[in-house]
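Note sheet for the following structure.
In what follows, chains are A, B, ... by sequence order, proteins preceding strands, each numbered from 1.
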There are 2 protein chains.
Amino acid sequence: MERSRKSPPPATEGAGLTIGGVARAAGVGVETVRFYERRGLIEQPERPMFGRRTYPPETVARIRFIRRAKELGFTLKEIAELLELRMDPGKSCAEVRARALAKMADIDRKIEALGRMRRALADLASACRGRGPTSECPILEAMEEGEEHE
Amino acid sequence: MERSRKSPPPATEGAGLTIGGVARAAGVGVETVRFYERRGLIEQPERPMFGRRTYPPETVARIRFIRRAKELGFTLKEIAELLELRMDPGKSCAEVRARALAKMADIDRKIEALGRMRRALADLASACRGRGPTSECPILEAMEEGEEHE
DNA sequence: ATAGCACCCGTACCTTGGTACGGAAGCAAG
DNA sequence: CTTGCTTCCGTACCAAGGTACGGGTGCTAT
């Protein structure tokens, strides 16, 4: 029972990991690994009709890559493209850089949109002393009138 | 043919609008109005077994309210709560103000998260001269190593 | 009176990123 | 050899916020 929760599968030493081993090593759930397979983000190992699949250690690295890219704001679709770029020896680093810059521009737009919301809310909140019934609330009134700012 | 695309339904003058009239006046699609009904965001008018429903003009104002609140970053669930507050004479303006402040804090957190992403991307992009194959790209390398910042 | 929108209704579908379920079968320990 | 954890596989479900469809009916103008 020494290794029961630690590593059930390592039957043949350096061969490969089972899906559970990959998931633990990469810090995601088994279902997430399966989900990434379905999305084509990770290559599926030879799929025996019966029995278990064994994954190469690169799969763990690939999932970590996905995790990190997600933290940087890339969607799974974009990550799939990054993974393709990474594999394609004909593509240059400039392509990757361009994706990063585009994502930064994307993030800037989101930040600006949120900033506009924030300012609009701050304006409304400052117009409201927080007293009286909701029927006289300047915030609600402003929303009812709708400024059609567009 | 003068009014054919302008207002098909106004049979009885001041009575009420059909769903299409509401949708046009509020600037949303008919399906969206139906969707808001299902979500309980707008009250459904008396529903005749057969024939058409007529909506009071307040429905248009309500949908505009929803639109405006959405622009301010509220979810439909939160908007439903705002609408309840608006209707409840026992609630005070302070409640509404609190929602607005909470939403601002919410937005601040999102902005900070995006700012972190942006800075991380900027760091990676500045480390990459945009030359060479993807196999030597500092951006991809950094993602592969995964900094586990957390 | 009939063409032709507009409306009614339930239901299915879309995107994004997973999570959960249920039955069958593998595999190691006790 | 049986128990019990994994794995395999398809499929369904979640949140959010709609959009689309199909079949049936209402209403209005020509």
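- Taking atom CG of B/Leu76 as the reference point, atom C1' of D/dC14 lies 16 Å away to the nearest angstrom.
- Checking the phosphate oxygens (OP1, OP2) of D/dT19, a side-chain nitrogen or oxygen of B/Thr32 falls inside 4.0 Å.
- Phosphate proximity of C/dG18 to A/Lys70: present, with a side-chain N or O under 4.0 Å from OP1 or OP2.
- By the 4.0 Å N-to-carboxylate-O rule, A/Arg64 lies too far from A/Glu58 to be salt-bridged with it.
- Between the P atom of D/dT7 and the CD atom of A/Glu46 lies a distance of 16 Å, rounded to the nearest Å.
- Residue B/Tyr36 has no polar side-chain atom (N or O) positioned under 4.0 Å from OP1 or OP2 of D/dG17.
- Regarding contacts with the backbone of D/dT6, every side-chain N or O of A/Arg52 stays at 4.0 angstrom or more from both OP1 and OP2.
- Following rounding to the nearest Å, A/Ile63 (CD1) and C/dG17 (P) show an atom-to-atom distance of 16 Å.
- Taking atom CD on A/Glu37 and atom P on C/dG18, their separation rounds to 14 Å, with Å as the unit.
- Two residues, B/Gly51 and B/Thr75, neighbour DNA chain D, and the one matched to the more 5' nucleotide by heavy-atom proximity is B/Thr75.
- Minimum atom distance to the side chain of A/Phe35 is reached by C/dG18, of the listed D/dG17, D/dA20, C/dG18.
- Per the geometry, CG belonging to A/Asp106 stands 13 Å off P belonging to C/dT16, to the nearest Å.
- In terms of phosphate contacts, A/Lys77 brings no side-chain nitrogen or oxygen within less than 4.0 Å of OP1 or OP2 of C/dG17.
- The side chain of A/Ile19 lies closest to D/dT7, out of C/dA20, D/dT19, D/dT7.
- For the residue pair A/Thr59 and A/Glu43, a side-chain donor N or O sits within less than 3.5 Å of a side-chain acceptor on the partner.
- Between the C1' atom of C/dT16 and the CD1 atom of A/Ile79 lies a distance of 12 Å, rounded to the nearest Å.
- In this structure, CD1 of B/Ile66 is placed 15 Å from P of D/dA16, rounded to the nearest angstrom.
- Taking side-chain N and O atoms only, A/Thr18 has a distance below 4.0 Å to OP1 or OP2 of D/dT7.
- Residues B/Glu81 and B/Leu85 have side chains not in contact (no heavy-atom distance under 4.5 Å, counting atoms from C-beta outward).
- Between A/Glu71 and A/Arg68 a salt bridge is recorded (basic side-chain N to carboxylate O distance below 4.0 Å).
- Spacing between atom CZ of B/Arg38 and atom C1' of C/dT11 amounts to 9 Å, rounded to whole angstrom units.
- Comparing D/dA20, D/dG17, D/dC9 by their nearest atom to the side chain of B/Arg39 picks out D/dG17.
- Looking at heavy-atom distances under 4.0 Å, B/Arg34 makes contact with a base.
- The closest donor-acceptor contact from the side chain of B/Lys70 to the backbone of B/Leu76 lies at 3.5 Å or more, if one exists at all.
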